[in-house]
There are 2 protein chains.
Amino acid sequence: MSSRKAALKSVPLVLDAETRAHDDHHASLRLWLRLLSCTGQIESRIRQRLQLSFNTTLPRFDLMAQLERAPEGLKMSELSQRLMVTGGNVTGITDGLEKEGLVVREVDIADRRINRVKLTSDGARQFRRMAAEHEQWIADLFSALSPRQKGHLMALLGELKAHVIGSKRGTTP
Amino acid sequence: MSSRKAALKSVPLVLDAETRAHDDHHASLRLWLRLLSCTGQIESRIRQRLQLSFNTTLPRFDLMAQLERAPEGLKMSELSQRLMVTGGNVTGITDGLEKEGLVVREVDIADRRINRVKLTSDGARQFRRMAAEHEQWIADLFSALSPRQKGHLMALLGELKAHVIGSKRGTTP
DNA sequence: CGCCAATACTTGAGGTGTCAAATACAAATG
DNA sequence: CATTTGTATTTGACACCTCAAGTATTGGCG
């Protein structure tokens, strides 16, 4: 109701360093939340479909996908590396798949510490069915973006990933 | 060894639909894997730091973050919605936080089915300490991108997310 | 040969996550 | 007011996932 205007807060023409930092922090935070929610949504859709269509899970699917490209089988440790999960985890998932007959463990002749894991023919057949559908799901989920946009997104994520991985120093030397 | 050239497979000047579809599928798949690995890397870095610096976890942090913006407290169901996880999960995380005295459950006077969850003053203090560091971590992790690039990434992910969420029909109506 | 460190994997405890069934309370209905 | 219906949360069974400790087995070294 007052008529005074002089007391309104001034709008600086040049933003100070602190303000810029604050804005950037905020932008990064929002970006991170969007990245997280985007990935989460897609992942949850895939899990859901894997469950509905094939009564399986993403980690199982991922493990089988690795095995499919390695007809000679993979060591547990190799699976662990490729799936970027711990060895104990691989043990558990492999147990489940083995119980369902989709996969077999074969003790290495030369070094009996080693377990070589292979797809059974049943597992291979089942995986091929799943892989085809899976690829289509992904294509559909990403169909909102043009090839050009996909390339752009790929590049931006590439830079981000490189920086994140590159700065992995300083934890426990 | 033959000198005949006519039998070489022709290279079409215009790619057929099948080839285009195949390439697009492949691009989508690679993009998805990169998205996944990027998010995973960042998430794992944050988890690691939360563990090292504050001996806590990401879900606990996220729950406390929600409570900080709601001094009157939140119902379990509200937490469930905001964190995008199931109610059972919220129960578990809240149990842990309550055991450590960072959070309290208060039964609603008017409707005794409702549990209102609040940060304790101890929890609030601890959260503020964590939040400041957390924001800095994020800013650092995303510092590889210019503000312009951040904006671009934000927009691309926005389109992707909108499409994914928009196509959520067709499961169980 | 015999011991010992390194390697490959498994096990067990603890925190997340999901779903479906159980519990506790409230509201609507007759 | 008693019964039914609905809502808020918890519980229990599984599946992941990590870390740290345990078990086998190998290969080197005295």
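Reminder, nothing fancy here: chain letters follow the sequence lines and each chain counts from 1.
Considering all non-hydrogen atoms of both residues, Glu43(B) and Leu36(A) come closest at OE1-CD1, 3.6 Å.
For the pair Lys118(A) and Glu72(A), the salt-bridge criterion is not met [side-chain N within less than 4.0 Å of a carboxylate O]. In this structure, Asp95(B) pairs ionically with Arg105(B), as a charged nitrogen and a carboxylate oxygen lie closer than 4.0 Å. In summary, Lys150(B) and Asp24(A) engage in a salt bridge, as defined by a charged side-chain N under 4.0 Å from a carboxylate O.
By the side chain to side chain contact (heavy atoms under 4.5 Å, CB included) test, Val164(B) is found to be paired with Gln41(A), Ile42(A), Arg45(A), Leu141(A), Leu160(B), residues two or more places apart in sequence or in another chain being considered. Under the salt bridge (charged side-chain N to carboxylate O under 4.0 Å, His left out) criterion, Arg112(A) pairs with no residue, sequence neighbours left out. Evaluation of the side chain to side chain contact (heavy atoms under 4.5 Å, CB included) rule for Lys75(A) yields Ser77(A), Glu78(A), Ile114(A), Arg116(A) as partners, not counting sequence neighbours. Partners of Lys161(B) under the salt bridge (charged side-chain N to carboxylate O under 4.0 Å, His left out) rule, at least two apart in sequence or in another chain, do not exist in this structure.
Applying the salt bridge (charged side-chain N to carboxylate O under 4.0 Å, His left out) test to pairs two or more places apart or on separate chains, those with a residue in residues 119-139 of chain B are Asp122(B)-Arg125(B). Residue pairs meeting the ring-ring contact (aromatic ring centres under 6.0 Å, His included) criterion with at least one member in residues 137-162 of chain A, sequence neighbours excluded, are His152(A)-His152(B). Screening residues 43-62 of chain B for ring-ring contact (aromatic ring centres under 6.0 Å, His included), with sequence neighbours left out, gives Phe61(B)-Phe127(B), Phe61(B)-His134(B).
When DNA chain D is scanned in the 5' to 3' direction for atoms under 4.0 Å from non-hydrogen atoms of chain B, the outermost contacting nucleotides are dG6(D) to dT11(D). Bracketed by its first and final contacts, the part of DNA chain C lying under 4.0 Å from non-hydrogen atoms of chain B reaches from dG15(C) to dA26(C) in 5' to 3' order.
In the region residues 90-105 of chain B, proximity to DNA chain C at under 4.0 angstrom, judged on heavy atoms, holds for Ile93(B). At a non-hydrogen distance threshold of 4.0 Å, Arg113(A), Ile114(A), Asn115(A) from residues 109-120 of chain A come into contact with DNA chain C.
In terms of position on DNA chain D, the residue among Gly88(B) and Pro59(A) whose nearest nucleotide sits closer to the 5' end is Gly88(B).
Within 4.0 Å of Thr57(A), counting heavy atoms only, lie sugar-phosphate atoms of the nucleic acid but no base atom. Residue Ser77(B) is in sugar-phosphate contact alone, with no base atom involved, counting any heavy-atom pair closer than 4.0 Å across all strands shown. Within the 4.0 angstrom heavy-atom criterion, no nucleotide atom of any strand lies near Arg47(A).
In this structure, CD1 on Ile93(B) lies 8.0 Å from CG on Asp62(B), to the nearest 0.5 angstrom.
Checked options Leu157(B), Ile165(B), Leu156(B); the residue passing with Cys38(A) is Leu157(B) (criterion: side-chain contact (heavy atoms from CB on, under 4.5 Å)).
At a threshold of 4.5 Å between non-hydrogen side-chain atoms, the residues Leu35(B) and Leu35(A) count as touching.
Note that the two end axes of the helix from dC1(C)-dG30(D) to dG30(C)-dC1(D) enclose an angle of 20°, each drawn from 5 base pairs, rounded to 10 degrees.
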(request) With side chain to side chain contact (heavy atoms under 4.5 Å, CB included) as the test, would you mind laying out the steps for Leu50(A) and Thr57(A) before giving the verdict? (result) CA-CA 6 Å; Leu50(A) 276 176; Thr57(A) 65; over 6 Å; no
